[in-house]
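Quantities reported herein were computed from a predicted structural model and do not represent experimental measurements.
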Amino acid sequence: QVQLVESGGGSVQDGGSLRLSCAASGRTESTYTMGWFRQTPGKEREFVAAIWSNNHNTQYADSVKGRFTIARDSARNTMFLQMNSLKPEDTAVYYCVSAPIWSLGNYASATRYDHWGQGTQVTVSS
């Protein structure tokens, strides 16, 4: 079992920055792929970014490319999401997710990930 705990959410103005962190504890083999999803009321969870433990390759949603950067510190089993040039449409609850190497499915699909954090609110005001 893996426990994921997010931190770093908050409120910023349009164009501001925030850095989210996700601390993972438990079975590290379940954190081969880690990532972020976000959700607003009445909408499905949306893929934001993903990163792999073996080579630190990354993938981003088109809506955040060039503005968000995902990184991980494998030694500390911690993942980060640096969010710059934030826009009001980035307002959402952000969830940290993880999946083991044997998980099936596209990295952008929520069903690939079997561990989810409790979520942290990000609010961007215009």
_For a side chain to side chain contact (heavy atoms under 4.5 Å, CB included) check, start with the C-alpha distance between Ser63 and Arg38, then their side-chain angles and the critical distance, and finish with the verdict._
CA-CA 12 Å; Ser63 58; Arg38 64 188 182 186; 3.5 Å; yes
_As an exercise, state the distance from OG of Ser53 to CG of Asn77, rounded to the nearest 0.5 Å._
9.0 Å
*By side-chain contact (heavy atoms from CB on, under 4.5 Å) - contacts of Lys43 (at least two apart)*: Thr40
*For the residue pair Ala99 and Arg112, what are the closest heavy atoms and their distance?*
CB-O, 3.5 Å
*Tell me, do Glu29 and Pro100 make a side-chain contact under 4.5 Å, heavy atoms counted?*
no
_Under the rule for side-chain contact (heavy atoms from CB on, under 4.5 Å), what residues qualify as partners of Ala23, not counting sequence neighbours?_
none
_Test item: Arg67 side-chain N/O and Ser85 main-chain N/O as donor-acceptor pair under 3.5 Å_ = yes
*What residues, two or more places apart in sequence or in another chain, satisfy side-chain hydrogen bond (donor to acceptor under 3.5 Å, both in side chains) together with Arg45?*
Gln39
_According to side-chain contact (heavy atoms from CB on, under 4.5 Å), who are the partners of Gln82, at least two apart in sequence or on a separate chain?_
Ser17, Arg19, Thr69, Asn84
*Which atom names give the shortest non-hydrogen contact between Ala108 and Phe47, and what distance separates them?*
O-CB, 3.5 Å
*What residues, two or more places apart in sequence or in another chain, satisfy side-chain hydrogen bond (donor to acceptor under 3.5 Å, both in side chains) together with Asn55?*
none
_Applying disulfide (SG to SG under 2.5 Å) as the test, list every pair that has at least one member in residues 23-60; sequence neighbours left out._
none
*Under 3.5 Å, is there a donor-acceptor pair between the side chain of Glu6 and the main chain of Gln118?*
yes
*Tell me the disulfide (SG to SG under 2.5 Å) pairs involving residues 35-94, sequence neighbours left out?*
none
*Can any side-chain N or O of Ser109 pair as donor or acceptor with the backbone N or O of Asn106 at less than 3.5 Å?*
no
*Enter the distance from Thr111:OG1 to Leu104:CG here, rounded to the nearest 0.5 Å.*
9.5 Å
*Taking side-chain hydrogen bond (donor to acceptor under 3.5 Å, both in side chains) as the test, write out the residues that go with Ser11, two or more places apart.*
none
*Which hydrophobic side chains are connected to Met79, either touching it within the sub-4.5 Å cutoff or through other members that do?*
Val2, Leu4, Val12, Leu18, Leu20, Met34, Trp36, Val48, Ile51, Tyr60, Val64, Phe68, Ile70, Leu81, Met83, Leu86, Tyr94, Val122, Val124
*Donor-acceptor side-chain pairing of Thr31 and His115 below 3.5 angstrom*: no
*Is any NZ, NE, NH1 or NH2 atom of the basic residue among Lys87 and Asp90 found under 4.0 Å from an Asp or Glu carboxylate oxygen of the other?*
no
_Closest heavy-atom pair and its distance - Ser98, Ser30_ = OG-O, 3.1 Å
_Trp52: which of Thr33, Asn57, Thr58 passes side-chain hydrogen bond (donor to acceptor under 3.5 Å, both in side chains)_ = Thr33
*With sequence neighbours left out, write down each residue that passes side-chain hydrogen bond (donor to acceptor under 3.5 Å, both in side chains) with Asp73, or none if nothing qualifies.*
Arg76
*Only counting residues at least two apart or in another chain, list the ones meeting side-chain contact (heavy atoms from CB on, under 4.5 Å) with Val97.*
Phe37, Tyr113, Trp116
*If you look only at pairs with a residue in residues 2-58, which of them pass as a disulfide (SG to SG under 2.5 Å), with sequence neighbours excluded?*
Cys22-Cys96
*For side chain to side chain contact (heavy atoms under 4.5 Å, CB included), just list the numbers for Gln1 and Arg27, CA-CA rounded to whole Å, side-chain angles, deciding distance to a tenth of an Å, and then say yes or no.*
CA-CA 6 Å; Gln1 191 72 359; Arg27 299 181 62 179; 5.6 Å; no
*Is atom CD of Glu44 surrounded by more than 12 heavy atoms (other residues, nucleotides or ligands) closer than 6.0 Å?*
no
